[in-house]
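Scroll down for the structure; my scribbles are underneath it.
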2 protein chains.
Amino acid sequence: MSDKRTRAPRNTLNPELIVTTALGLMKTEGVEAFSLRALAKELGVGPMALYTYFRNKDELIDAVRDHLFSTRKLSSAQGPWQQQLRSVATGLRELLLEHPCLLRILASRPLKGPETAAATETVVRALREAGFSKENAARAHTSLFTFVLGAALWESQMNAEKQDPEGRRRLRATMAAVSEVDYPTVVDLAGELAATSGGDAQFEFGLTALIMGLEPFTTPRRSS
Amino acid sequence: MSDKRTRAPRNTLNPELIVTTALGLMKTEGVEAFSLRALAKELGVGPMALYTYFRNKDELIDAVRDHLFSTRKLSSAQGPWQQQLRSVATGLRELLLEHPCLLRILASRPLKGPETAAATETVVRALREAGFSKENAARAHTSLFTFVLGAALWESQMNAEKQDPEGRRRLRATMAAVSEVDYPTVVDLAGELAATSGGDAQFEFGLTALIMGLEPFTTPRRSS
DNA sequence: ACCTGAACACCGTTCAAGT
DNA sequence: ACCTGAACACCGTTCAAGT
């Protein structure tokens, strides 16, 4: 929003500003379209100025991921272990849906980073206190995390597809291409299946099932 | 493996050859590195030759996805509904882990395409016969699918990270960065958590929990 | 119909250089 | 230390043209 012909003054840049601007660009243009050159132009500097703060594009994207995780507490859960898992899972889903770029980052590189340690601590402690063995607590945690990741990823993509008219046309075409004689149940449930492409109710359904399925791993306490 | 200086003869190309070669390139170089220009070079033609068969890169990638789904039957499941779901989910996971590029394709664009209709039919019919309502059957199907997607995606990424020494170093560094005073349970379960980054046992754990959590949705039959 | 080369508007990144 | 321009080796895609 200013003249880009003059040389940028010193210290116009800093890591926070770069990360924030990058995040804004990812939100408006999409993660795939994000480029260092576009970011530099937005900041009013040459592309190489960014390399003073980040070694390469990957490191910048990692910084964006870490920044997003640091903006939200996922770990202030209380009550019985089931409720604590629900709370962390719901918070994570909300964060991922709010920032689709974070979803794409998680889907394309490993390592949540230590930022999620707080959430992991909440989940894993709740499970241990409920009587899960070390191994089962770890397995349950990762099952929960991967479920949220997959659910949010699918929901986010379907939402994006339903945004533009062309996408809606493709969805209808896919549906219409399913043979009624070969796949009668799919055709019968077409409406219901379409309704599961996202939404709170769909997420709650799967989350509830998963958590219920974990209950046998608690140590049977006195209460029945 | 031949001279690329002469003009390619007519009909050296066809959709199947292009898709197969693209798939091979994705497997050796990775999906992210895949490019139309590299594919054209591999085929010994100019980049523009591909545009006779595919309108653009996205359409080619869709064709690769459809081809991969068509190579494997995911639907030959029998027995009680739980076993049928297990069978379809396990088969899908195997396909996804065998072809990480398919995973990345699914993770970056919606629409499984009608190729998965057979698998969906199996799952959804088993659920309906077990007494699930239309809505619950659809919800259960999508929960299962998104769980497999998330689990396979995470496992595949962690596997890739553990491939190269640099990645293993990063993993150790991340682990070491977790504060023992703030997150004692995470530190205590470090070994167990690391062991959940993949493997059949981890997948089975989550799959079993999810399916068990679906049991209340069956119509109570005479048995019991 | 099927393949071509030249060109356009992009990329990430290296390198040597300014201040 | 912090920002620069020029250059390299790439992209996907359009366009007009050959056969």
message: Do V64(B) and F34(B) make a side-chain contact, defined as non-hydrogen atoms from C-beta onward lying under 4.5 Å apart?
response: no
task: Establish whether the base of dT19(D) is bridged to the side chain of R7(B) by a donor-acceptor pair shorter than 3.5 Å.
output: no
statement: Closest to the side chain of R37(A), out of dC2(D), dA7(D), dC15(D), is dA7(D)
task: Ignoring backbone atoms, test whether N56(A) places a side-chain nitrogen or oxygen under 4.0 Å from the OP1 or OP2 oxygen of dG12(C).
output: no
query: Over how many whole Å does the gap from Y53(A) atom OH to dG12(C) atom P extend?
result: 19 Å
message: Closest-nucleotide mapping onto DNA chain D: is P9(A) or L36(B) further toward the 5' terminus? I mean the 5' end.
response: P9(A)
message: In this structure, how many angstroms lie between the C1' atom of dA1(D) and the CG atom of L50(A), rounded?
response: 16 Å
statement: Between CE of M48(B) and C1' of dA1(C) the distance, given in whole Å, is 15 Å
- request: May I ask you to evaluate whether S35(A) reaches the phosphate of dC10(C), defined as a side-chain N or O under 4.0 Å from OP1 or OP2?
  value: no
- prompt: Going by atom types alone, do T196(A) and H141(B) pair a side-chain donor with an acceptor below 3.5 Å?
  reply: no
Listed nucleotide nearest any side-chain atom of R10(A), set dC2(D), dC2(C), dG12(C): dC2(D)
- request: May I have the distance from K57(A) (atom NZ) to dT14(C) (atom P), rounded to whole angstrom?
  value: 14 Å
message: Between T71(B) and L68(B) (side chain of the first, backbone of the second, donor and acceptor by atom type, cut-off under 3.5 Å), is there such a pair?
response: yes
- prompt: Has Y51(A) got a side-chain N or O lying under 4.0 Å from the OP1 or OP2 atom of dT13(C)?
  reply: yes
message: Any base atoms under 4.0 Å from A49(B), or only sugar-phosphate, or nothing? Heavy atoms, all strands.
response: base
field: Qualifying residue for side chain to side chain donor-acceptor pair (under 3.5 Å) with R104(A), from E32(A), H99(A), Q157(A)
entry: E32(A)
field: Euclidean distance, atom NZ of residue K41(A) to atom P of dC3(D) [Å, nearest integer]
entry: 19 Å
field: Rounded distance in Å - CD (E29(B)) to P (dC11(D))
entry: 11 Å
